[in-house]
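For reference, the structure is listed below as structure tokens.
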Amino acid sequence: MQNALLAQEQTPLNQVVNTLKERISLSGYAQLGYTYDDAANPDNTFDIKRIIFMAHGKITKRWTCDFMYDFYNGGMLLEVYTDYQFLPGLTARIGEFKVPYTIENELSPTTVELINCYSQSVCYLAGVSGSDKCYGMTSGRDIGMMLHGKVFRDFLQYKVAVMNGQGLNTKDKNNQKDVVGNLMVYPLKWLSVGGSFIRGTGHAIADSEYTGIKAGENYAKKRWSAGGVVTTPTFNLRTEYLGGKDRSVTSEGFYATGSLRFARNFDFIASYDYFNPNKSADFKQNNYIAGVQYWFYPRCRLQAQYTFCDKKGDGQKDSNLIQAQVQVRF
């Protein structure tokens, strides 16, 4: 009799635990490594790139919530948003998330082939690294709302967003919103092609050496991209052309990054990366990258890469970058 009563008391707790297991999934990853850079300010250091924690919650069959936090360098909230699916091809999202501009910006650092992750043009035009001083370091994220989905039997994927245009964890500073669009087509199982754009009004948080825009100024901001992805069991290629216009200053970039499986769990990596933040002043830089990576466990890898930086701006000198990185993920 006592055992039966105890079992009855434990049942609600077991149900709660089982429900949490079904509805909440936790994951994370860390990227740590070594960098040698002989540029103007030489680096010779072991470093930590990221320490990420993620949570996904399933509230109902149609309603989910996601959370992402980076514990490195003091800690920073990266993403928090909720999705609600109205129809099979129509889902609404609100919160802080990756801006749906370019193919590369929305990719996770755990899947991008390069240790520096994103190309020069994506870092600048999507605000990933802070190389655009006016926009600042946004990690490619912003606050807003988006409609997205796949239609025509997953042949076409669309994303349309209205966002602050100010970046990570920041309120809008000029009350003008960015409109972002992204369209991808999947004509073949191994091929996808598409493009994206941003139209809005930026609010500079610092002076820009490339555009002449000063801190506190509002300026017309335009971005566009077009590219494609090839994915096979042994070979992957991703390439895009990107363009931008801040007020009257135009910029452009192009990258092609590929990986080739040459042995069990071993990949050879190669990339060409070009960017010019001001076409009229010609500050262009070409990066040539080669390396290898070894997947020693699912989603865990060792990487080693060499980059030659060919710089063309006034006073710029070519430089060499050597990097190694270990990635662990659960």
Side-chain angles (χ1 to χ4, degrees), residues 10-32 48-101 103-113 117-118 128 138-151 154 157-159 161 163 168-169 182 184 186 192 229 231 233 236 238 265 293-303 325-330:
Q10 290 178 340
T11 298
L13 178 60
N14 291 337
Q15 289 177 345
V16 170
V17 171
N18 290 334
T19 299
L20 289 176
K21 288 181 179 179
E22 293 173 358
R23 294 184 177 272
I24 299 178
S25 58
L26 306 177
S27 59
Y29 67 91
Q31 292 177 327
L32 314 97
I48 298 172
K49 302 291 188 185
R50 299 166 186 86
I51 305 174
I52 303 294
F53 170 78
M54 296 172 286
H56 173 76
K58 183 179 179 182
I59 303 170
T60 68
K61 290 183 178 180
R62 295 188 176 187
W63 188 14
T64 62
C65 184
D66 286 83
F67 172 86
M68 181 184 292
Y69 192 86
D70 188 350
F71 284 94
Y72 181 58
N73 200 24
M76 178 184 296
L77 175 66
L78 295 179
E79 295 183 9
V80 57
Y81 62 85
T82 183
D83 277 333
Y84 187 84
Q85 185 183 63
F86 292 97
L87 298 169
L90 177 62
T91 298
R93 175 178 297 180
I94 187 168
E96 180 169 271
F97 49 89
K98 281 286 189 81
V99 178
Y101 169 63
I103 297 169
E104 196 171 68
N105 183 50
E106 293 190 279
L107 297 179
S108 167
T110 61
T111 61
V112 176
E113 301 86 349
C117 285
Y118 307 110
V128 174
T138 71
S139 76
R141 295 173 170 87
D142 203 350
I143 304 172
M145 64 179 300
M146 177 172 72
L147 297 177
H148 64 101
K150 289 186 175 182
V151 294
D154 294 344
Q157 182 182 40
Y158 71 91
K159 298 176 183 178
M163 314 196 79
L168 195 68
N169 302 324
N182 185 305
M184 293 295 295
Y186 299 81
S192 59
V229 180
T231 304
N236 296 306
R238 181 178 65 260
N265 297 336
Q293 65 182 11
Y294 170 60
W295 298 91
F296 61 89
Y297 195 73
R299 300 187 294 181
C300 300
R301 60 182 172 177
L302 292 170
Q303 298 171 276
Q325 179 171 272
V326 59
Q327 169 184 303
V328 291
R329 181 170 177 174
F330 65 91

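- Here the CZ-OH distance, from Phe67 to Tyr81, works out to 12.5 Å after rounding to the nearest 0.5 Å.
- Tyr69 places none of its side-chain heavy atoms less than 4.5 Å from the side chain of Ile52.
- Looking at Met76 and Asn169, their side chains come closer than 4.5 Å, going by heavy atoms from C-beta outward.
- With hydrogens and angles ignored, the 3.5 Å screen pairs a side-chain donor or acceptor of Thr82 with a backbone N or O of Thr64.
- Screening residues 67-84 for salt bridge (charged side-chain N to carboxylate O under 4.0 Å, His left out), with sequence neighbours left out, gives Glu79-Arg141, Asp83-Arg93.
- Side-chain contact check for Met184 versus Ile103: some heavy-atom pair is nearer than 4.5 Å.
- The NZ atom of Lys49 lies 10.0 Å from the CG atom of Leu32; values are rounded to the nearest 0.5 Å.
- For Arg329, the side chain to side chain contact (heavy atoms under 4.5 Å, CB included) test picks out Tyr29, Met54, Ser108, Thr110, Arg299, with sequence neighbours left out.
- Interatomic distance, CG of Leu78 versus CZ of Arg50, reported as 9.5 Å (0.5 Å rounding).
- A donor-acceptor contact shorter than 3.5 Å is absent between the side chain of Tyr118 and the backbone of Val112.
- Taken from CD1 in Ile143 to CG in Leu168, the straight-line distance is 7.5 Å, to the nearest 0.5 Å.
- For the pair Met163 and Phe97, the minimum side-chain heavy-atom distance is below 4.5 Å.
- Closest non-hydrogen pair, Phe53 versus Leu26, comes out as CZ-CD2, 3.8 Å.
- Side-chain contact check for Glu106 versus Pro100: some heavy-atom pair is nearer than 4.5 Å.
- Separation of atoms NE2 (His56) and NZ (Lys58) is listed at 8.0 Å; rounding is to 0.5 Å.
- Looking at residues two or more places apart in sequence or on another chain, you find a side chain to side chain contact (heavy atoms under 4.5 Å, CB included) between Leu147 and Leu90, Ala92.
- When side chains are defined from C-beta on, Gln303 counts as touching Arg301, because their heavy atoms get closer than 4.5 Å.
- Side chain of Gln157 to backbone of Val151: no donor-acceptor contact under 3.5 angstrom is found.
- In terms of the side chain to side chain contact (heavy atoms under 4.5 Å, CB included) criterion, residue partners of Phe296 (sequence neighbours excluded) are, by chain and number, Tyr294, Cys300, Leu302, Val326, Val328.
- Every side chain to side chain contact (heavy atoms under 4.5 Å, CB included) that Thr231 has, sequence neighbours left out, goes to Val229, Asn236.
- Few gaps surround CZ on Phe330; more than 12 heavy atoms of other groups in view lie less than 6.0 Å from it.
- Of the possible polar contacts, none joining the Asp142 side chain to the Lys98 backbone as a donor-acceptor pair under 3.5 Å is found.
- The two residues Arg23 and Ile59 come nearest to each other via the heavy atoms NH1-O, 2.7 Å.
- For the pair Lys150 and Tyr186, the cation-pi criterion (under 6.0 Å, within 45° of the ring axis) is fulfilled.
- Across Gln31 and Pro109, no two heavy atoms sit closer than the pair NE2-O, 3.2 Å.
- Taking 4.5 Å as the limit, every side-chain heavy atom of Asp66 sits out of range of all side-chain heavy atoms of Val80.
- Remark: Glu113 engages Arg238 in a salt bridge (Lys or Arg N to Asp or Glu O under 4.0 Å) (not counting sequence neighbours).
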